[in-house]
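Within every chain, numbering begins at 1; the chains are lettered A, B, ... in the order of the sequence lines, protein sequences first and strands thereafter.
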Amino acid sequence: MAVLVLADHDNEALFDATHKTVTAAKAFGGDIDILVAGKDAGAVAEAAAKIDGVRKVLHAEGDPYEKQLAEAMEALIVPMMDGYDALFAPATTMGKNVSPRIAAKLDVMQISDISAVESADTFERPIYAGNAMMTVKSSDAKKIVTVRGASFDAAEEGGSASVETVDAPSGPFKSAFVEEKIVQSDRPELTSAKRVVSGGRALGSKEEFDRVIVPLADKLGAAVGASRAAVDAGYAPNDYQVGQTGKIVAPELYIAIGISGAIQHLAGMKDSKIIVAINKDEEAPIFQVADYGLVADLFNAVPELTEAV
Amino acid sequence: MKVLVPVKRVIDYNVKVRVKSDQTGVDLANVKMSMNPFDEIAVEEAVRLKESGAAEEVIVVSIGPQQAQETLRTALAMGADRGILVKTDDTAEPLAVAKILKGVVEEESPDLVVLGKQAIDDDSNQTGQMLAALLDWPQGTFASELSIEDGKVTVTREIDGGLQTLALESPAIITTDLRLNEPRYASLPNIMKAKKKPIDEKSPDDFGVDMANRLSVVKVTEPPEREAGEKVEDVSELVSKLKTKGAL
């Protein structure tokens, strides 16, 4: 058996979601190859080759792969799948965008966002915002899955796989990259951070969000998250959203500040090791999942906490 | 320009689902059902395209049981022009749904298909991408902004690090994210008008699609229960507890 793992990266760094996907692929079994498709992404291919348990890295270069456009990725990967029994992609926005196209072309029903590998044809995945766990058995000849990062540990480094260059179709394709607005930050990335500080609607404004939440996150070396309500209100950018349809996180420490705890938000963070909730409404549902709940006015409590840690 | 919007009938997003004790699924008896929230955003976007003059007709399609007609009526009340119900009592997996939609696209020849990025019941997030692949169309998934000028589709997408803008050739597939728009509530007069709008009935057989599932459900279980912890009195107690746990 052989598995192709799709690497997520920005042409400079290999994202941690890839390491987690490798761990899931190991549970599936067989030889593991990683596909790095990008532009000037040699360093990423080298990084992928260092992941323990990888047979080889396939490196595809070209303009359409700089942003891993779905139409180009489909043209690249579908023919490659002749040599593989499974495709494992991280359930990042890149993986979610690309993987179903390949599944449809191969006439395979994708298994999205798996949280466990039970056997070579059976997988567990959350449904209904994580309010139920479904175990499914696939009858398709090839398995196409996306992997929920929060459910798998990152594969360690220590390997020394070979890197092979592969030809990549150059198009033309029917989509073109125009521009990107990526927030540059020194903070850890939300889905792989050990600590996350999240703010909700109770912050009341972007100014207060930045004044209250950000210093605590900086002091803790934490990533910043937000509830959907806070993002919708413009207090925080869209990629901060934690929840069913946003990012799924499982840090060592999750601090929810002024977040009531709608089921859609809980879906994104309830696998965190320790959950702290600070909210002045003692009936807020967030307290039902919190290890430590503090009923207090966040505008007093959070600066005090920032001072104390 | 013609816009096609597929809509799905799902458990209302406010309902807390209960897993059946025999582990075969979740309990759908007497549970409030609604249009998938992402599909509402898709309908709203299509209706806005029509209102702005960019689109002439908005067609909504639903694949599901007879009751999915109510979901179509909701979309018609929001401003869609006509509906298609592809009636089936089978569980329709995203791959089968995408194949049926391909058939609908071939009959209706829309210039744009706008879908919700995921349904909040099975959370698969794949139908739009699959349809794009089956049609060999470009895709703009997780859209937060959409503009159409001279047949050129420009879409801004919510991606992990921020926002990405793509230009797509037409015809194209768009899937909606939360912040694309805020869907309207249908007014009473529009709900009344929607009752007179036509809904065509079809079956998966009309499109030659085999509904046999590729995934069989082994079991559906409750997620691991998280116990509520303790309340702390003040910040200093919180800090000392976290230190004891090694979290700080």
Side-chain angles (χ1 to χ4, degrees), chain A residues 70-71 74 92-93 96-97 100-101 103-105 109-113 122 126-140 174-183 228 232 237-239 244-245 252-253 263 270 274 276 287-295 301 304-305 308-309, chain B residues 11 13 16-17 19 26 93-95 98 118 120-126 129-130 132-134 137-139 141-142 144 154 158-169 178-179 214-223 226 228-232 234-236 238-239 241-242 245 247-248:
Chain A
E71 299 76 11
E74 177 200 310
T92 55
T93 48
K96 290 189 228 181
N97 187 43
R101 271 193 97 106
K105 271 286 153 68
M109 176 56 207
Q110 171 177 295
I111 306 147
S112 299
D113 210 20
T122 305
I127 54 173
Y128 292 97
N131 286 298
M133 304 302 290
M134 180 166 73
T135 304
V136 291
K137 186 175 168 157
S138 163
S139 62
D140 285 315
K174 293 173 181 171
S175 70
F177 174 74
V178 178
E179 62 170 352
E180 218 161 61
K181 286 180 190 139
I182 300 292
V183 186
R228 178 189 170 185
D232 282 357
N238 63 279
D239 57 308
Q244 179 184 17
T245 67
E252 305 281 327
L253 176 64
I263 51 174
K270 67 185 164 74
I274 295 177
V276 172
F287 288 121
Q288 290 163 21
V289 300
D291 298 283
Y292 303 108
L294 175 60
V295 181
E304 197 186 331
L305 179 60
V309 293
Chain B
I11 283 195
Y13 80 103
K16 172 105 172 71
V17 300
V19 173
V26 302
E93 287 180 342
L95 181 63
Q118 76 191 65
I120 59 162
D121 51 4
D122 69 0
D123 286 331
S124 278
N125 191 336
Q126 44 177 289
Q129 296 89 315
M130 286 184 153
L134 295 178
W137 287 11
Q139 69 188 41
T141 52
F142 327 143
S144 65
T154 306
E158 296 200 0
I159 60 168
D160 283 337
L163 297 169
Q164 179 186 71
T165 305
L166 301 178
L168 309 178
E169 281 176 25
L178 290 169
R179 281 160 286 273
R214 308 292 185 82
L215 303 181
S216 57
V217 177
V218 177
K219 62 178 177 184
V220 175
T221 56
E222 297 273 358
R226 199 171 175 116
E230 54 182 309
K231 290 264 167 64
V232 293
D234 50 30
V235 168
S236 58
L238 175 62
V239 171
K241 295 264 186 198
L242 289 175
K245 278 276 182 185
L248 284 182

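Residues A:Val276 and B:Leu238 have side chains in contact (heavy-atom distance under 4.5 Å, counting atoms from C-beta outward). Proximity of A:Arg101 to B:Met130: side-chain heavy atoms (C-beta onward) are nowhere separated by under 4.5 Å. Within the 4.5 Å cutoff, the side chain of A:Gln244 has heavy atoms near those of the B:Ile120 side chain. Between B:Leu178 and A:Arg228, some side-chain heavy-atom pair lies under the 4.5 Å cut-off. Looking at A:Val295 and B:Val232, their side chains never come closer than 4.5 Å, going by heavy atoms from C-beta outward. Side-chain atoms of B:Trp137 and A:Glu71, non-hydrogen and from C-beta on, never get closer than 4.5 Å to each other. Contact check for B:Val217 versus A:Met134: side-chain heavy atoms found under the 4.5 Å cut-off. A:Asp113 is not listed as a side-chain neighbour of B:Asn125, based on a closest heavy-atom distance of 4.5 Å or more.
Nearest heavy-atom pair across A:Lys270 and B:Pro223 is NZ-CB, 3.9 Å. A:Asn238 and B:Gly162 get closest at one heavy-atom pair: ND2-O, 3.5 Å. Heavy-atom minimum distance, B:Val235 versus A:Glu304: CB-OE2, 3.6 Å.
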Step by step, would you call A:Lys137 with B:Leu215 a side chain to side chain contact (heavy atoms under 4.5 Å, CB included)? CA-CA 5 Å; A:Lys137 186 175 168 157; B:Leu215 303 181; over 6 Å; no
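In this structure, the portions of A:Leu305 lying under 4.5 Å from any heavy atom of chain B include both its backbone and its side chain. Of the atoms belonging to A:Val309, it is side-chain heavy atoms, and not backbone ones, that fall under 4.5 Å from chain B. Contact annotation for A:Gln110: both backbone and side-chain heavy atoms come within less than 4.5 Å of a heavy atom of chain B. If you measure heavy-atom distances from A:Leu253 to chain B, the contacts under 4.5 Å come from the side chain alone. In this structure, chain B has heavy atoms under 4.5 Å from both the backbone and the side chain of A:Ala132. For B:Glu230, the parts sitting under 4.5 Å from any heavy atom of chain A are the backbone and the side chain alike.
Atom OH of B:Tyr13 is surrounded by 12 or fewer heavy atoms from other residues, nucleotides or ligands within 6.0 Å.
Side-chain polar atoms of A:Asn97 and B:Gln129 form no donor-acceptor pair below 3.5 angstrom. Under the 3.5 Å distance criterion, with hydrogens and angles disregarded, no donor-acceptor pair is assigned to the side chains of A:Ser175 and B:Gln139.
Both the sub-6.0 Å distance and the 45° axial angle are not jointly satisfied by B:Lys231 relative to the ring of A:Tyr292.
In this structure a side-chain-to-backbone donor-acceptor pair under 3.5 Å is missing from A:Thr135 to B:Val218. Between the side chain of B:Asp160 and the backbone N or O of A:Thr93 there is at least one donor-acceptor pair closer than 3.5 Å.
Comment: B:Arg226 engages A:Asp291 in a salt bridge, judged by a side-chain N to carboxylate O separation of less than 4.0 angstrom.
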